[in-house]
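Here the structure comes first, spelled out in structure tokens, and everything after it is commentary.
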Amino acid sequence: MKGSLAWRMSLVALALILGVLFAMPSVLTEDSYLRRTLPNLNLGLDLQGGIHLILGIDVDKATEFRVGRLGQNLVNMARDERLAVKSATANGLGLEVVLVKEEHLEPLLELLQEDFSSFNVVGEPRMDGDNVVLSLAYDTEQAEALKESAFLQAEETLRNRVDEFGLTEPDIRRMEDYKIQIQLPGMHDTDRAVANIQRVALLEFMLTAENQDIASAEQGLLEPGTELFYRKAEGETQGAPVILETTVFLTGDYIDNAYVGFGQMNEPYVYLDFNSEGRVIFADLTEEYTNRQLAIVLDGVVYSDPVIRERIAGGSAQISGDFTEQEAHDLARVLRSGSLPAPVTVEGQSRVGPSLGQESIDKGIKAAIFGLAAVLVFMVVYYGLSGLIADFALMFNLVLIMAFLSIMEGTLTLPGIAGIILTIGMAVDANVLIFERIREELRKGLTPRAAVDEGYAKASLTILDANVTTVIAALILLQFGTGPVKGFAVTLTLGILSSMFTAIFVSRVFMDIWISIRKTAKLSI
Amino acid sequence: MGFSFIRPDTNINFVGARFAALVVSAVLILAGLGSLAVKGGPRLGIDFAGGASMKVKFAEAVEAGQVREALSGHDLPDFVVQSFGQEGDNEYLVRISSFEVEEADFLEPLQAAFNVVDIEFEMVGPGVSAELRSNALEALFYAVLLIGIYISGRFEQRWMAAGIMAAGLLIGIKLIGAGYEMIFDTGIPMSYTILGAMIIVLILSWYLKLNYALGAVVALIHDVLITVGVFSLLNKEFDLTNIAALLTIIGYSLNDTIIVYDRIRENIHTKYQGTFGQLINRSINQTLSRTLLTSGTTFAVVLCLFILGGGVIHDFALALMIGVVVGTYSSIFVASPILLALVPQEQRVPQVKGSKAVAKA
């Protein structure tokens, strides 16, 4: 081994000091100074308890919504040009347009080419009774782009919503196939978490129709441009029907902030602040439709439809509707975080209770202590003083693992603890290899110094080689594993890498110190 | 000098026992494969199969039968109750294969009947389990791929051959995939791809005369087959953490094999008089002390994990325990004798690049 002993000793001392310093925060209590100032490791969900969700974003629905909306635009534009279009129905990426008059087909196709270039005509128009049916398909490339942007927006919204929970270390990760993984450590009310996350929270401002002919509306007879909605249910009773005009003037996108306020009866309501653009639209809207009723619709349910008394320039509105305080807070949070562009389904979930997590920690630590004790005792008994050096190297290795985990602000999981325990057993391998070699060289009649030189030289390469395969396996796990398994891969990789330093370099320094102090002594190995 | 279990002059005839070892290995592998065949493949945990499970800890001692009784009559189709953890933990695992349930479906009937301390609930939908399955298989595939390339280059310093191996593997996998798609009109299942990759590694190692690589890969397949087989015999489930254990076993078992092979190559470079079989035997004996010591310490810590680590980590520790034992056995009784079988009989100690000068000296 090259380099002077003094230089190597200082390197070991430095590594030890830094290792202990960075490992400390992870074993200290929460409010200690080191813990607050230095990075420290996090406990995985399996150890501290909490909720883990895998959410599927139904991006196909997002594109279908989009196709449906474009279909509605098409119908409106065609009618403006006095083309007798009966309907446009979306089905996945397809749009079926029903035309009453055959002679309107040509101008309709022109309109399509000009303003709806994202649609392609599929096959020939077919006759269905007196109607002409035209099949359109949304461009697949654009659909993919649409899905991607819907997914990104959903991720953003979910991120905002999770932030609103106010947890210390929430984790949101994108997965393949339009899925998102969310970890909510310390949270235990699954129903509430899922309800808040899943809520579409599409807020719309529409006008209540002047003609409220509910009876015919419930039979499907509606004036053009109107639609039947229901009011928010109160307790067990279903909400009353109400007819709204379909034009949406404002959506939740124009909201800057939402918070909870309390009315005269101390009843909670949600107060909305529009952004600058929203304020202008709202002012114009209230000016133009003074004395009409403005309906506030959330996820298709009418919460209220107050009469507009005058032009409102201040740019705020409020949603009231028999909320509990918790409901009002949840709604305000969801509105602040924006609406989801696509439905979200729970595809996987798990929750670990807080005391089971603690139990896992206790058992893991107990197993580690017993395993460590067994190995430490064995090494001393088998290799004497050299074994003590190996023991020191092993403890040093554990300190370094903890230090690196803390510096990386890594996450310790139960399999991660298992990885550390496994490292305890496997890391002494390097010293065993070296010591066995030294014994062999001593038997050949070499002096202690020469035997140590030979032993380390011959064993080092083998150690390096033998560890490569384990590191390959660990790295693959890191790539393909999920949460807990990743924790195992991280600690195993760290353990193996730092064991090369401690078992080869650190133990060598101590061997050399020992030999230089007692030059003639027999090696205790 | 401290004391030693293995005396320095130990010379056990491991190579001579290779036919007996062959029988032992064959019996173990066939028993495992037989069990897998009878049970229709490995039992999958809920992360791979999908479904829901709840781990529940009671404050008082509760019999499994009482848990079953409390849950029956509620909307939990075909639930299974298993005790979990150690005695005195009062922990049970309730599992169903349907995923359309909620935490409360399990919890409410149990809370009504017993004093529940804490729970752990898990639900895995079909999309997620499919992805986890494919991820696990992909991980195994890359393990075979990377380790195949590494050991083919590593043992004989023939990185050219390793390059051919890598190219052969990639092209071979593509061809197999394309061929499968032509015939069956669907993408190739990942498990076939893994099988294909293993076979290609074996054939290429044979063809390129990468004897060490071939021996190591055979030993590796041997270890994985036995571990999976024993798990099936013990009726244990395969889940994500056990796949992690399997990959660790792959790395660990190769580690042992590499140490023995390195000694064989080192001995080839010395003036060794005798047959190749004797040389291999000598190398195994020289490294025996180390092999047993390291396996011993590793086994000891894994045993601690198995006994003390709690129910969650129990099967993981079991897989590692089996793996450590089988890996140690295979590096002595499987990997090295294969090397002997691969070297032509008339050749005594095979010539290795760079060894000529040493041999003549």
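The basis for the numbers below is simple: all heavy atoms, side chains too, and nothing from hydrogens, waters or symmetry mates. The chains referred to below are lettered A, B, ... by the order of the sequence lines, with proteins before strands, and numbering in each begins at 1.
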Inset, instruction - Considering only heavy atoms and a distance below 4.5 Å, find which of B:L247, B:I258, B:V301 pairs most often with chain A. - result: B:V301
Inset, instruction - Please assess A:H188 against A:I51 for the test side-chain contact (heavy atoms from CB on, under 4.5 Å), listing each intermediate value before the final yes or no. - result: CA-CA 6 Å; A:H188 288 288; A:I51 298 170; 5.6 Å; no
Inset, instruction - Evaluate the side-chain contact (heavy atoms from CB on, under 4.5 Å) criterion for residues A:I420 and A:L412: first the C-alpha distance (whole Å), next the side-chain angles of each, then the deciding distance (0.1 Å), finally the verdict. - result: CA-CA 10 Å; A:I420 294 177; A:L412 190 65; 4.2 Å; yes
Inset, instruction - Step through the shown structure and confirm whether more than 12 heavy atoms of other residues, nucleotides or ligands are within 6.0 Å of CZ on B:F58. - result: yes
Inset, instruction - Show the numbers, then the answer: is there a side chain to side chain donor-acceptor pair (under 3.5 Å) between B:D256 and B:T291? - result: CA-CA 7 Å; B:D256 266 0; B:T291 305; 5.2 Å; no
Legend entry - Portion of A:F370 that has a non-hydrogen atom of chain B nearer than 4.5 angstrom: both
Inset, instruction - Between chain B and each of A:P354, A:A427, A:S360, A:A374, count heavy-atom pairs under 4.5 Å; write down the option with the most. - result: A:P354
Legend entry - Under 4.5 Å from a heavy atom of chain A, the part of B:Y252 involved: both
Inset, instruction - Using non-hydrogen atoms and a 4.5 Å limit, figure out which bit of B:N135 sits close to chain A: side chain, backbone, both or neither. - result: both
Legend entry - Proximal component of A:T190, with respect to chain B [non-hydrogen, under 4.5 Å]: side chain
Legend entry - With B:S253, the side chain to side chain donor-acceptor pair (under 3.5 Å) member among B:T227, B:T328, B:T248, B:D223: B:D223
Legend entry - Partner set under side chain to side chain donor-acceptor pair (under 3.5 Å) for B:R263, not counting sequence neighbours: A:E440, B:Q286
Legend entry - Any donor-acceptor N/O pair, B:R133 side chain to B:F48 backbone, under 3.5 Å: yes
Inset, instruction - Sort by residue number and list every member of residues 173-180 of chain A having a non-hydrogen atom under 4.5 Å from chain B. - result: A:M175, A:E176, A:D177, A:K179
Legend entry - Sidechain-backbone polar pair: A:Q198 side chain, A:V344 backbone, donor-acceptor under 3.5 Å: yes
Legend entry - Expected output: side-chain A:D58 to main-chain A:A342 donor-acceptor under 3.5 Å: no
Legend entry - Sidechain N-carboxylate O distance under 4.0 Å for A:K366, A:E359: no
Legend entry - chain B contact via A:V352 - which portion, at a heavy-atom distance below 4.5 Å: both
Legend entry - Sorted by number, residues from residues 302-310 of chain B in contact with chain A (heavy atoms, under 4.5 Å): B:V302, B:C304, B:L305, B:L308, B:G309, B:G310
Legend entry - chain B contacts, top residue of A:V375, A:T462, A:L461, A:L433 (heavy-atom pairs, under 4.5 Å): A:L433
Inset, instruction - Determine yes or no for a side-chain-to-main-chain donor-acceptor pair under 3.5 angstrom, with B:S98 supplying the side chain and B:E100 the backbone. - result: yes
Inset, instruction - Counting only heavy atoms closer than 4.5 Å, note whether A:Q479 contacts chain B via side chain, backbone, both or neither. - result: neither
Inset, instruction - Answer yes or no: is there a donor N or O on one side and an acceptor on the other, between the side chain of A:T413 and the main chain of A:G416, under 3.5 Å? - result: yes
Legend entry - Ring centres under 6.0 angstrom apart (B:F106, B:F121): yes
Inset, instruction - Kindly indicate, with the supporting measurements, whether the criterion salt bridge (Lys or Arg N to Asp or Glu O under 4.0 Å) is fulfilled by A:E454 and A:R437. - result: CA-CA 8 Å; A:E454 276 295 289; A:R437 252 317 155 130; over 6 Å; no
Inset, instruction - Report the option among A:L53, A:T470, A:V471, A:I369 that has the most heavy-atom pairs separated by less than 4.5 Å from atoms of chain B. - result: A:T470
Inset, instruction - Determine yes or no for a side-chain-to-main-chain donor-acceptor pair under 3.5 angstrom, with B:E120 supplying the side chain and B:K55 the backbone. - result: no
Legend entry - Which portion of A:A418 sits near chain B, non-hydrogen atoms under 4.5 angstrom: both
Legend entry - Side chain / backbone / both / neither for A:L475 at chain B, heavy atoms under 4.5 Å: neither
Inset, instruction - Using heavy atoms and a sub-4.5 Å threshold, report which of residues 313-322 of chain B line up against chain A, by residue number. - result: B:I313, B:F316, B:L320
Legend entry - Heavy-atom donor-acceptor pair, B:N255 side chain to A:N467 backbone, under 3.5 Å: no
Inset, instruction - Would you mind telling me which of B:L140, B:I147, B:I259, B:V117 has the largest number of heavy-atom pairs within less than 4.5 Å of chain A? - result: B:I259
Inset, instruction - Please flag which part of A:L356 lies under 4.5 Å from any non-hydrogen atom of chain B: side chain, backbone, both or neither. - result: both
Inset, instruction - Let me know if A:I54 has heavy atoms under 4.5 Å from chain B in its side chain, its backbone, both or neither. - result: side chain
Inset, instruction - Could you walk me through whether A:E436 and A:Y383 pass side chain to side chain donor-acceptor pair (under 3.5 Å), step by step? - result: CA-CA 9 Å; A:E436 288 298 308; A:Y383 288 114; 2.6 Å; yes
Legend entry - Under 3.5 Å: donor-acceptor pair, side chain of B:S330, backbone of B:G327: yes
Legend entry - salt bridge (Lys or Arg N to Asp or Glu O under 4.0 Å) partner of A:E441, the single match among A:R443, A:R439, A:K444: A:K444
Inset, instruction - Under 4.5 Å heavy-atom distance to chain A, tell me which part of B:L240 shows up: side chain, backbone, both or neither. - result: both
Legend entry - Interface moiety of A:D46 toward chain B, non-hydrogen atoms closer than 4.5 Å: neither
Legend entry - Portion of B:V128 that has a non-hydrogen atom of chain A nearer than 4.5 angstrom: both
Inset, instruction - Give a yes-or-no answer on whether the side chains of A:S499 and A:N397 include a donor-acceptor pair shorter than 3.5 Å. - result: no
Legend entry - Selection from B:A136, B:G127, B:S295 maximising heavy-atom pairs under 4.5 Å formed with chain A: B:G127
Inset, instruction - Could you tell me whether a side-chain N or O of B:T294 sits under 3.5 Å from a main-chain N or O of A:D429, the two making a donor and an acceptor? - result: no
Inset, instruction - Pick whichever of A:D465, A:I421, A:I476, A:L372 has the most heavy-atom pairs under 4.5 Å with chain B. - result: A:D465
Inset, instruction - Apply side chain to side chain donor-acceptor pair (under 3.5 Å) to the pair A:R351 and A:H52, showing each step before the final yes or no. - result: CA-CA 6 Å; A:R351 180 171 84 80; A:H52 173 231; over 6 Å; no
